[in-house]
Novice: 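Sending over a structure as structure tokens; questions will come in a sec.
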Protein chains: 2
Amino acid sequence: MDDLTEMLKGTLEGCVLEIIGSEETYGYAITRRLNELGFADVIEGTVYTILLRLERNGLVQVTKRPSGVGPPRKFYALNDAGREELAKFWAKWQYLSSRIDMLKEGGR
Amino acid sequence: MDDLTEMLKGTLEGCVLEIIGSEETYGYAITRRLNELGFADVIEGTVYTILLRLERNGLVQVTKRPSGVGPPRKFYALNDAGREELAKFWAKWQYLSSRIDMLKEGGR
DNA sequence: TGCCAGTACTATGTGGTACCAGGTACCGCT
DNA sequence: AGCGGTACCTGGTACCACATAGTACTGGCA
């Protein structure tokens with residue numbers, strides 16, 4: 001698939017929120033999950049910047065835990081603000097995608 | 001609706017391409033069309049920057065015509081490269097939206 | 001023991017895009 | 001002459017995904 005980076009702006013963060021919301025997890029695993037979901041070109045650095053942003057914006061609760069197979073992991077879970085943000089993301093996504101699909105169907 | 005600007009990145013240009021592709025038209029009218037399609041906050045300046053970019057990238061053919069109700073209009077039509085770009089846009093959109101919907105359905 | 005691959009996170013800088021703010025200019029009507 | 005509607009352009013800003021480089025912990029292998 002062609003380069004999706006521009007299209008991912010605004011949506012990738014929502015995807016990360018959704019992944020965190022479904023299960024407490026950490027950056028490295030999130031990257032792998034995104035890759036297997038079809039976001040093949042998303043790279044670790046990108047995910048970490050998103051995670052730091054989420055933390056800075058107070059949307060997640062962070063817990064550091066030792067790993068056994070490497071350095072300690074930072075596990076992320078959504079807090080109330082995060083869940084609210086996630087709901088907003090899906091509302092926006094549905095709004096946008098419905099409009100785009102309308103446009104595609106020649107909606108006039 | 002909340003602020004969509006980040007989510008529009010990469011898609012708004014495709015929307016403009018689609019509108020131009022369905023009918024030769026001009027900036028002011030494109031803005032109105034986007035607004036009535038539900039992209040309520042998209043403003044003229046944004047559309048013009050997109051149109052200039054399309055022109056610079058050789059995706060459109062431009063024709064200036066007098067208006068009768070104001071200054072002359074710059075009409076835009078897709079050329080072959082533009083139609084190709086539009087097809088690519090829809091492919092990317094479908095790819096992305098299908099993955100996002102999979103994620104939403106808890107696709108694992 | 002030394003080295004390497006895999007795991008895991010951080011920091012800085014870049015490019016692209018939508019948006020903002022302000023400006024220019026043409027037209028018809030009052 | 002002034003004003004609202006039409007129509008376009010431009011310089012600057014903010015934000016985001018991405019690139020790049022660096023740090024650091026673990027286990028396996030020669």
Side-chain angles (χ1 to χ4, degrees), chain A residues 1-17 25-35 39-57 59-60 62-76 85 89 92 96 99-100, chain B residues 1-17 25-35 39-57 59-60 62-76 85 89 92 96 99-100:
Chain A
M1 175 54 50
D2 261 45
D3 188 32
L4 288 179
T5 64
E6 288 307 325
M7 254 189 210
L8 285 178
K9 292 190 176 173
T11 69
L12 192 56
E13 178 178 313
C15 295
V16 171
L17 278 172
T25 182
Y26 56 98
Y28 191 79
I30 294 171
T31 308
R32 292 301 163 90
R33 180 110 178 76
L34 285 169
N35 292 152
F39 304 95
D41 297 337
V42 173
I43 206 172
E44 290 174 43
T46 301
V47 174
Y48 288 117
T49 55
I50 291 174
L51 291 172
L52 290 174
R53 190 162 69 235
L54 295 180
E55 190 176 355
R56 197 171 62 241
N57 294 346
L59 303 175
V60 288
V62 187
T63 316
K64 204 166 204 167
R65 299 213 186 91
S67 148
V69 299
R73 298 164 172 164
K74 280 176 72 177
F75 281 82
Y76 293 82
E85 187 66 24
F89 164 71
K92 288 205 273 183
L96 178 65
R99 306 295 144 156
I100 302 261
Chain B
M1 174 54 51
D2 260 43
D3 189 32
L4 288 178
T5 64
E6 288 307 325
M7 255 189 209
L8 285 177
K9 291 191 177 173
T11 68
L12 192 55
E13 178 177 316
C15 294
V16 170
L17 278 173
T25 181
Y26 57 98
Y28 192 78
I30 293 171
T31 308
R32 293 301 163 90
R33 180 112 179 74
L34 285 169
N35 292 152
F39 304 95
D41 297 336
V42 174
I43 208 173
E44 291 174 42
T46 301
V47 175
Y48 289 117
T49 55
I50 290 175
L51 291 172
L52 291 174
R53 190 163 69 234
L54 295 179
E55 190 176 354
R56 195 172 63 240
N57 294 348
L59 304 175
V60 288
V62 188
T63 316
K64 203 168 204 169
R65 298 212 187 92
S67 147
V69 298
R73 297 165 174 163
K74 281 177 73 178
F75 281 83
Y76 293 82
E85 187 67 23
F89 164 71
K92 287 204 275 184
L96 177 64
R99 305 295 143 156
I100 303 261

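The sequence lines fix the lettering, A, B, ..., with proteins before strands; numbering per chain opens at 1. Scope of the values below: all heavy atoms of this structure, side chains included, with no hydrogens, waters or symmetry mates.
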Novice: Can you tell me how far C1' of C:dT7 sits from CD1 of A:Ile30, to the nearest Å?
Specialist: 15 Å

Novice: Tell me every residue that passes side chain to side chain contact (heavy atoms under 4.5 Å, CB included) with B:Asp2, counting only those two or more places apart in sequence or in another chain.
Specialist: A:Lys88, A:Lys92

Novice: May I ask you to evaluate whether B:Lys64 reaches the phosphate of D:dA7, defined as a side-chain N or O under 4.0 Å from OP1 or OP2?
Specialist: no

Novice: For the pair made of OH in A:Tyr28 and P in C:dT10, what is the distance, rounded to whole Å?
Specialist: 15 Å

Novice: Could you run down nucleotides 10-23 of chain D 5' to 3' and tag each one B, S or - for protein heavy-atom contact under 4.0 Å?
Specialist: -----BBSB-----

Novice: All N/O contacts under 3.5 Å from nucleotides 23-27 of chain C to the protein, with atom names and distances to one decimal?
Specialist:
{"unit_1": "C:dC27", "atom_1": "O3'", "unit_2": "B:Gly68", "atom_2": "O", "d": "3.3"}

Novice: Would you please name every residue forming a side chain to side chain contact (heavy atoms under 4.5 Å, CB included) with B:Phe39, sequence neighbours left out?
Specialist: A:Leu96, A:Arg99, A:Ile100, B:Leu8, B:Cys15, B:Leu34, B:Leu37, B:Val42

Novice: List in chain and number order the residues that pass side chain to side chain donor-acceptor pair (under 3.5 Å) with A:Tyr28, two or more places apart in sequence or in another chain; answer none if no residue qualifies.
Specialist: A:Arg32

Novice: What residues form a side chain to side chain contact (heavy atoms under 4.5 Å, CB included) with B:Asn57, not counting sequence neighbours?
Specialist: B:Arg53, B:Leu59

Novice: What heavy-atom pair brings A:Tyr76 and A:Tyr26 nearest, and what distance separates the two atoms?
Specialist: CD1-CA, 4.4 Å

Novice: Can you sort out the partners of B:Thr5 under side chain to side chain donor-acceptor pair (under 3.5 Å), two or more places apart, ordered by chain and number?
Specialist: B:Asp3

Novice: How many Å lie between CZ on B:Phe75 and C1' on D:dC8, as a whole number?
Specialist: 13 Å

Novice: Please determine whether a side-chain nitrogen or oxygen atom of B:Ser67 lies at a distance below 4.0 Å from atom OP1 or OP2 of D:dT6.
Specialist: no

Novice: Going from CD1 on A:Ile30 to CG on A:Leu17, what distance comes out if it is rounded to the nearest 0.5 angstrom?
Specialist: 9.5 Å

Novice: Mind checking side chain to side chain donor-acceptor pair (under 3.5 Å) for A:Lys74 and listing every partner two or more places apart, or none if nothing turns up?
Specialist: A:Glu55

Novice: D:dG5 P sits how many Å from B:Arg73 CZ, rounded?
Specialist: 16 Å

Novice: Once you round it to whole Å, what is the distance between C1' of D:dC8 and CG of B:Leu51?
Specialist: 10 Å

Novice: Any side-chain N or O of A:Arg32 under 4.0 Å from OP1/OP2 of C:dT7?
Specialist: yes

Novice: List the residues meeting side chain to side chain contact (heavy atoms under 4.5 Å, CB included) with A:Ser67, not counting sequence neighbours, and say none if there are none.
Specialist: A:Val69, A:Arg73

Novice: How long is the line joining OH of A:Tyr26 and P of C:dA8, in whole Å?
Specialist: 4 Å

Novice: To the nearest Å, give me how far apart CD (B:Glu55) and P (D:dC8) are.
Specialist: 12 Å

Novice: Starting at atom CE of B:Met7, determine the distance to atom C1' of C:dG16, rounded to an integer number of angstrom.
Specialist: 19 Å

